[in-house]
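All remarks here apply to the structure that follows.
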Amino acid sequence: QVQLEEAGGGLVQAGSSLRLSCVASGRAWSTYAAGWFRQAPGKEREFVASITWNGDNTFYADSIKDRFTISRDNSKNTAYLEMNGLKPEDTAVYYCTADPAAASTIEALRDVLDNWGPGTLVTVSA
């Protein structure tokens, strides 16, 4: 099991960029797929992106593809979410997750994932 802590959220204007980070503790981190989800007020938690344990493959939600980039640095036990061209509809609490399952399945496993950070709030003003 791993413990996760997100950082980097804040209040920005539409069109701005932010980079979220997710620092993990636990030896298993480097062997786990990592992912990002977000939850807007009154909505369900939705998949944003995931990445394989070695960073070779990434997966994205259609709504953010070409604007967001997921990456990781296993030497720092950290995953990142680079967000460009932010829109007001990107406003949400962003959560990172990690799991031994395949990165391609992280989206489908949303309701059974065990490892979550507390989240970081991103607010995008128009």
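Just the heavy atoms: all of them, side chains too, but no hydrogens, waters or symmetry mates, feed the values below. Start at 1 with the first residue, then count along the sequence.
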key: Name of the residue among Val12, Leu86, Leu11 meeting side-chain contact (heavy atoms from CB on, under 4.5 Å) with Thr123   = Leu11
request  = Determine the sole option in Ile106, Asn57, Thr58 for which the side-chain contact (heavy atoms from CB on, under 4.5 Å) test with Thr52 is passed.
outcome  = Asn57
Over all atoms of both residues, closest heavy-atom pair of [X] and [Y]:
X	Y	result
Arg67	Gly85	NH1-O, 2.9 Å
Ala101	Leu109	CB-CD1, 3.5 Å
Trp36	Ala79	CZ2-O, 4.0 Å
Ser21	Thr78	CB-CG2, 4.1 Å
Ala102	Ala33	C-CB, 4.3 Å
Ala98	Val2	CB-CG2, 3.9 Å

Separation of [Y] [atom2] from [X] [atom1] (nearest 0.5 Å):
X	Y	atom1	atom2	result
Cys96	Glu6	SG	CD	4.0 Å
Arg19	Tyr80	CZ	OH	5.0 Å
Arg38	Glu44	CZ	CD	14.0 Å
Tyr60	Lys65	OH	NZ	9.5 Å
Ile51	Ser104	CD1	OG	13.0 Å

Arg45 charged N/C atom sitting above Tyr95 aromatic ring, 6.0 Å / 45° = yes
task = May I ask you to check if Arg72 and Trp29 form a cation-pi contact, with NZ or CZ under 6.0 angstrom from the six-membered ring centre and within 45° of the axis?
result = yes
inquiry  = One pair to check against side chain to side chain contact (heavy atoms under 4.5 Å, CB included): Asn115 and Gln1. What are the steps and the verdict?
reply    = CA-CA 7 Å; Asn115 302 306; Gln1 195 146 3; 3.0 Å; yes
ask   = Going only through I, L, V, M, F, W and Y residues with side-chain contacts under 4.5 Å, is there a path from Val124 to Met83?
value = yes
key: Same apolar cluster (I L V M F W Y, side chains within < 4.5 Å links), Ile64/Phe59   = no
ask   = Stepwise, does the side chain to side chain contact (heavy atoms under 4.5 Å, CB included) test hold for Val122 with Leu20?
value = CA-CA 9 Å; Val122 173; Leu20 305 183; 4.0 Å; yes
task = In plain terms, say whether Arg110 and Glu46 are close enough for a salt bridge, that is, a side-chain N and a carboxylate O under 4.0 Å apart.
result = no
query = With a 4.0 Å cut-off, would you call Lys87 and Asp90 a salt bridge?
reply = no
key: Candidate pair Phe68 and Leu81, rule side chain to side chain contact (heavy atoms under 4.5 Å, CB included), full reasoning   = CA-CA 7 Å; Phe68 291 10; Leu81 185 67; 4.2 Å; yes
ask   = For Phe37 and Trp116, what are the C-alpha separation, side-chain angles and deciding distance, and is it a ring pair (Phe, Tyr, Trp, His ring centres under 6.0 Å)?
value = CA-CA 10 Å; Phe37 286 74; Trp116 294 96; 5.2 Å; yes
inquiry  = Working note: Gln39 + Tyr94, criterion side chain to side chain contact (heavy atoms under 4.5 Å, CB included); need CA distance, chi angles, decisive distance, verdict.
reply    = CA-CA 7 Å; Gln39 188 165 18; Tyr94 284 72; over 6 Å; no
Donor-acceptor under 3.5 Å ([X] side chain, [Y] main chain):
X	Y	value
Ser50	Ala103	yes
Asn77	Cys22	no
Asp99	Leu113	no

inquiry  = Between Gln13 and Ser125, does the side chain to side chain donor-acceptor pair (under 3.5 Å) criterion hold? Intermediate values first, please.
reply    = CA-CA 5 Å; Gln13 291 186 328; Ser125 63; 5.1 Å; no
inquiry  = With a sphere of 6.0 Å drawn around CG of Asp66, does it hold more than 12 non-hydrogen atoms of other residues, nucleotides or ligands?
reply    = no
